[in-house]
Amino acid sequence: MLGNAVVALAALLGFVGCAVPFAFQPGHLAVNYVEISPRLATAGMPARSQFDAIAQAGYQVVISLVPPDAMGAVRDEAVLVAGHGMRYHNIPVNFARPAAADFARFVDAMNQHRSERVLVHCELNMRASSFVFLYRVLELREDPDRAYDAVLRVWRPSGQWHAFIAQMLSEAGAQRPLAFDL
């Protein structure tokens, strides 16, 4: 359902000549799917029919950052994921107000599954790509420029997300990626 709504919105915006501030790339596993490493990927909201392909791709854990009442959310996602033999975490992140507490819960979930194949998703891979970027830089100590490339494949954070990422990096004493303030 969400896939159809997003496709319709993107087509409408394209038809009227508006710039879409994010990528929209349909994929076999989910919209805006980005493989970070053999053990980690980010994506937009998978369609119900895509959870079988996600399990077949070897994912063992699905972490959703989608609030359960969000438009297009799969209401029974936990049951659907478990039915495919995967583990599930839902950390509902308010897109308008990302919070350090949400990120701390995300870090806990990621650290529980360090040796497993994990798919992190939200609605369009904006929350997911940002949280995974911060996790890679702050927890895994990866190069910020390299980690930020995965975010830029989906979007360029602005507004509250730009401020949130900047604050999280600053509080940790971490370097900003060169492309962050362009």
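Note that these values count all heavy atoms, side chains included, but never hydrogens, waters or copies made by symmetry.
- Scanning for ring-ring contact (aromatic ring centres under 6.0 Å, His included) contacts around F103 gives F131, with sequence neighbours left out.
- Side chains of V120 and M110 form a contact here, defined as non-hydrogen atoms less than 4.5 Å apart.
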Please report the C-alpha distance between L152 and F133 in whole Å, then the side-chain angles of each, then the deciding distance to 0.1 Å, and finally whether the side chain to side chain contact (heavy atoms under 4.5 Å, CB included) criterion is met. CA-CA 10 Å; L152 294 175; F133 161 74; over 6 Å; no
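- Between the NE2 atom in H28 and the CD1 atom in I54 there is a gap of 9.0 Å [rounded to 0.5 Å].
- Applying the side-chain hydrogen bond (donor to acceptor under 3.5 Å, both in side chains) criterion to R105, with sequence neighbours excluded, gives no partner residue.
- Under a 3.5 Å cut-off, the side chain of R153 and the backbone N or O of S129 do not form any donor-acceptor pair.
- Every pair passing side chain to side chain donor-acceptor pair (under 3.5 Å) that includes a residue from residues 140-152 is listed here, sequence neighbours excluded: R136-E142.
- In this structure, A30 and G44 approach most closely via the heavy-atom pair CB-O, 3.5 Å.
- Residues that satisfy the ring-ring contact (aromatic ring centres under 6.0 Å, His included) test with H113, not counting sequence neighbours, are H89.
- Considering CZ of R127 and OG1 of T42, their distance stands at 13.0 Å, rounded to 0.5 Å.
- A side chain to side chain donor-acceptor pair (under 3.5 Å) check over residues 45-56, counting only residues at least two apart or in different chains, returns the pairs R48-D76, D52-Q56.
- Taken from NE2 in H121 to CG in L65, the straight-line distance is 8.0 Å, to the nearest 0.5 Å.
- Within 6.0 Å of CZ on R97 lie no more than 12 heavy atoms contributed by other residues, nucleotides or ligands.
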Expected list for residues 34-41: side-chain donor-acceptor pairs under 3.5 angstrom, two or more places apart:
unit_1, atom_1, unit_2, atom_2, d
E35, OE1, Y33, OH, 3.1
S37, OG, R39, N, 3.2
S37, OG, L40, N, 3.3

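- The side-chain hydrogen bond (donor to acceptor under 3.5 Å, both in side chains) check on Q112 picks up nothing, with sequence neighbours excluded.
- Inter-residue side-chain proximity for P177 and L169 is flagged as met; some heavy-atom pair is nearer than 4.5 Å.
- Nearest heavy atoms, A174 versus L138: CB-CD2, 3.7 Å.
- Remark: A78 pairs with Y88 by the side chain to side chain contact (heavy atoms under 4.5 Å, CB included) rule, at least two apart or across chains.
- Here F51 contributes atom CZ and E77 contributes atom CD; the two are 4.0 Å apart, rounded to the nearest 0.5 Å.
- By the side chain to side chain contact (heavy atoms under 4.5 Å, CB included) test, A100 is found to be paired with M168, residues two or more places apart in sequence or in another chain being considered.
- Relative ring orientation between F95 and W155 is described as tilted, the plane-to-plane angle lying within the 30° to 60° band.
- R156 places a side-chain N or O within 3.5 Å of a backbone atom of A179 that can act as its donor or acceptor partner.
- Here I165 contributes atom CD1 and S170 contributes atom OG; the two are 13.5 Å apart, rounded to the nearest 0.5 Å.
- Under the rule for a side-chain hydrogen bond (donor to acceptor under 3.5 Å, both in side chains), D69 has no partner lying at least two apart in sequence or in another chain.
- V151 has its side chain within reach of P157: a pair of non-hydrogen atoms, C-beta onward, lies under 4.5 Å apart.
- Sorted by first and then second residue, the salt bridge (Lys or Arg N to Asp or Glu O under 4.0 Å) pairs with a member in residues 161-182 read R176-D181; sequence neighbours excluded.
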